[in-house]
J.: 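Pasting a structure here, questions to come.
Keep in mind that this is a model prediction, so the values were computed, not measured. Below, chains carry the letters A, B, ... as their sequence lines are ordered, and counting in each starts from 1.
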Protein chains: 2
Amino acid sequence: MGHHQEKEALFDGLVEAARALGNGRRAELIDVLAQGERPVDELAAEINQSIANTSQHLQRLLRAGLVCSRRSGTRIYYSLASPAVERLWRALRDTAEAHTEALGDLVRAYVGDRADLNMITRDELRRRLRQGDVVVLDVRPQPEYDAGHIPGALSLPVSDLKSRLREVPQGGEIVAYCRGPYCLYADEAVQMLTDEGRRAARLEEGFPEWKAEGLPIEHPTT
Amino acid sequence: MGHHQEKEALFDGLVEAARALGNGRRAELIDVLAQGERPVDELAAEINQSIANTSQHLQRLLRAGLVCSRRSGTRIYYSLASPAVERLWRALRDTAEAHTEALGDLVRAYVGDRADLNMITRDELRRRLRQGDVVVLDVRPQPEYDAGHIPGALSLPVSDLKSRLREVPQGGEIVAYCRGPYCLYADEAVQMLTDEGRRAARLEEGFPEWKAEGLPIEHPTT
DNA sequence: TTCTTATTCAAGTATCCACTTGAATAAGAA
DNA sequence: TTCTTATTCAAGTGGATACTTGAATAAGAA
């Protein structure tokens, strides 16, 4: 037992998941799939790639065991293989944020400066939900809301927000949430609502982190 | 803010750490560095690669922010950049073990069958340590012991074990530990000791996991 | 059956990567 | 200074990777 060749093969095997995650487009796929299962064409649109290319990326993830797929009629739905994959993706983000100085610039270039953005923690949102003086807005695309959301949240995708502003209940403060720390949907929603004179805040991070903490969720399409 | 180009750049940046980890030899380096800092030539020997190649791998890890280096006289010592890197490496291992069926075969090919190996948990070892009826053996190479070890452990690298068997105190049961789940040193030590008629067991996983749990350690070379 | 739609497959190209070899630094010792 | 040792750099090679294009499946509708 235990000669070089087997050791190399073992470690080569261990890093397969890292290689699968080691591509920006595939990471985007994982980030979207953390919201719930999606068919190939929708995923391709989400990451702005051709369907053929997206399909090949998905098969790479499949081979690495990070996702699984199921056929339903004419479409094939992909989803994360398990919560371990989400943990890996989160550990990767944490490491990247902690150590590559260059990343700060990349984050700023994409999300801008959140210093002046009204942001509340999960704990704070739970308190407010118990008090009942808050409107929670899920601004992700509809299928992601359907796959699971914070209890009592209203689905109002950012893409529709401008035209459906009147649907947002008057009165309480509004808390918008989306996919996670690198998703801008909630930022845009808060901006739009604030411009309309409403009081609005962004939930820190997003739905997968809420779920990962074991907080209550609604309608996981049972 | 937030157009495709910046989003792609951000995710490309986020996965840099995964790409750096996405090579078996570099993963071996991380696994060794999780024991403590080491100079280039020793690392090259550990992963059975040329020094030039090892140096280039280390620089890749350096660029990704996973390790850092310091010069001391004529040698350059590399070490993990932070505990976040250890967490990432552990998350990767967990994901790999959970999802790629093929990995089971690779593990068996390298470590063999541990079913008949006497293995004890960290909790059990702590209990035994409090009772004081146990001899703890650190069978990793000397420099790794020097960089930190379980309190009261004796340093006895497997490579020296055969010739230094008489140094192992008589009486109590022996618990050997090493680098982690994919390290064979403790397995070999237990085998050797058992063959000598001693009662011996392997600690589950290894020193980094003991340390990560916040358990007491000795002599972190302050 | 044919037609449509969603997905995968196959071939081609430019780029990146791992490892080798041999030369270049750079710190310390003599 | 020269010599030694540890490490890095640079160039070269075979193989993997990302994306494109166009063809091939495969399920469902007509």
J.: Quick one: does A:R60's side chain get under 4.5 Å of A:E16's, heavy atoms only?
T.: yes
J.: Is it the case that the side chain of B:T95 and the backbone of B:A91 share a donor-acceptor pair, with hydrogens and angles ignored and the cut-off at 3.5 Å?
T.: yes
J.: Without decimals, in angstroms, what is the distance between B:Y77 OH and C:dA27 C1'?
T.: 13 Å
J.: Summarise protein proximity over nucleotides 10-18 of chain C in one line of letters, 5' to 3': B for base, S for sugar-phosphate only, - for none, counting protein heavy atoms closer than 4.0 Å.
T.: B-----SSS
J.: With DNA chain D as reference, determine whether B:L58 or A:G73 sits nearer its 5' end, using the nearest nucleotide of each.
T.: B:L58
J.: Taking the side chain as every heavy atom from C-beta outward, state whether A:L33 and A:L43 have any atom pair closer than 4.5 Å.
T.: yes
J.: Is there a residue in residues 30-39 of chain A whose heavy atoms reach under 4.0 Å of DNA chain D, and which residues are they?
T.: none
J.: Measure from CD1 on A:I51 to P on D:dT20 and round the result to the nearest Å.
T.: 12 Å
J.: Taking B:L80 as the fixed residue, which of B:L29, B:V67, B:L66 is the one that meets the side chain to side chain contact (heavy atoms under 4.5 Å, CB included) rule?
T.: B:V67
J.: Heavy atoms, side chains only, cut-off 4.5 Å: are B:H57 and B:N53 in contact?
T.: yes
J.: Are any of the side-chain heavy atoms of A:Q49 and A:Q56 separated by less than 4.5 Å?
T.: no
J.: Pair A:R122, A:E205 - check salt bridge (charged side-chain N to carboxylate O under 4.0 Å, His left out), show working.
T.: CA-CA 9 Å; A:R122 286 183 285 277; A:E205 306 193 293; 3.0 Å; yes
J.: Would you please say whether a donor-acceptor pair under 3.5 Å links the side chains of B:D138 and B:H149?
T.: no
J.: Below 4.0 angstrom from OP1 or OP2 of C:dC19, is there any side-chain N or O of B:S50?
T.: no
J.: Side chains of A:L154 and A:P169, heavy atoms from C-beta outward: is any pair under 4.5 Å?
T.: yes
J.: Whole-Å distance between C:dA6 C1' and A:R75 CZ?
T.: 8 Å
J.: When the distance from CG of A:L61 to C1' of D:dA18 is rounded to whole Å, what number comes out?
T.: 14 Å
J.: Under 4.0 Å: is that the gap between some side-chain N or O of A:Q59 and OP1 or OP2 of C:dC9?
T.: yes
J.: Side-chain N or O of A:S55 versus OP1/OP2 of C:dT8: is the shortest distance under 4.0 Å?
T.: yes
J.: Ignoring backbone atoms, test whether A:Y78 places a side-chain nitrogen or oxygen under 4.0 Å from the OP1 or OP2 oxygen of C:dT8.
T.: yes
J.: Give me the ring orientation class for B:Y182 and A:F11: parallel if the planes are under 30° apart, tilted from 30 to 60°, perpendicular past 60°.
T.: perpendicular
J.: Rounding to a whole Å, what distance do you find between A:N48:CG and D:dC19:C1'?
T.: 14 Å
J.: Tell me the interatomic distance from B:L62, atom CG, to D:dT7, atom C1', rounded to whole angstroms.
T.: 13 Å
J.: Can you list the stems that DNA chain C is part of, where a stem is at least 3 pairs in a row, each Watson-Crick or G-U, with both distances below 3.5 Å?
T.: C:1-30 with D:1-30
J.: Looking at A:R140, A:R179, A:K211, which one forms a side-chain hydrogen bond (donor to acceptor under 3.5 Å, both in side chains) with A:Q35?
T.: A:R140
J.: In this structure, how many angstroms lie between the C1' atom of C:dA6 and the CG atom of A:L43, rounded?
T.: 13 Å
J.: From CG of A:L21 over to P of D:dA18, roughly how many Å is that when rounded to an integer?
T.: 12 Å
J.: Look at the side chain of A:R19 and the backbone N and O of B:G22, then say whether any donor-acceptor pair between them is shorter than 3.5 Å.
T.: yes
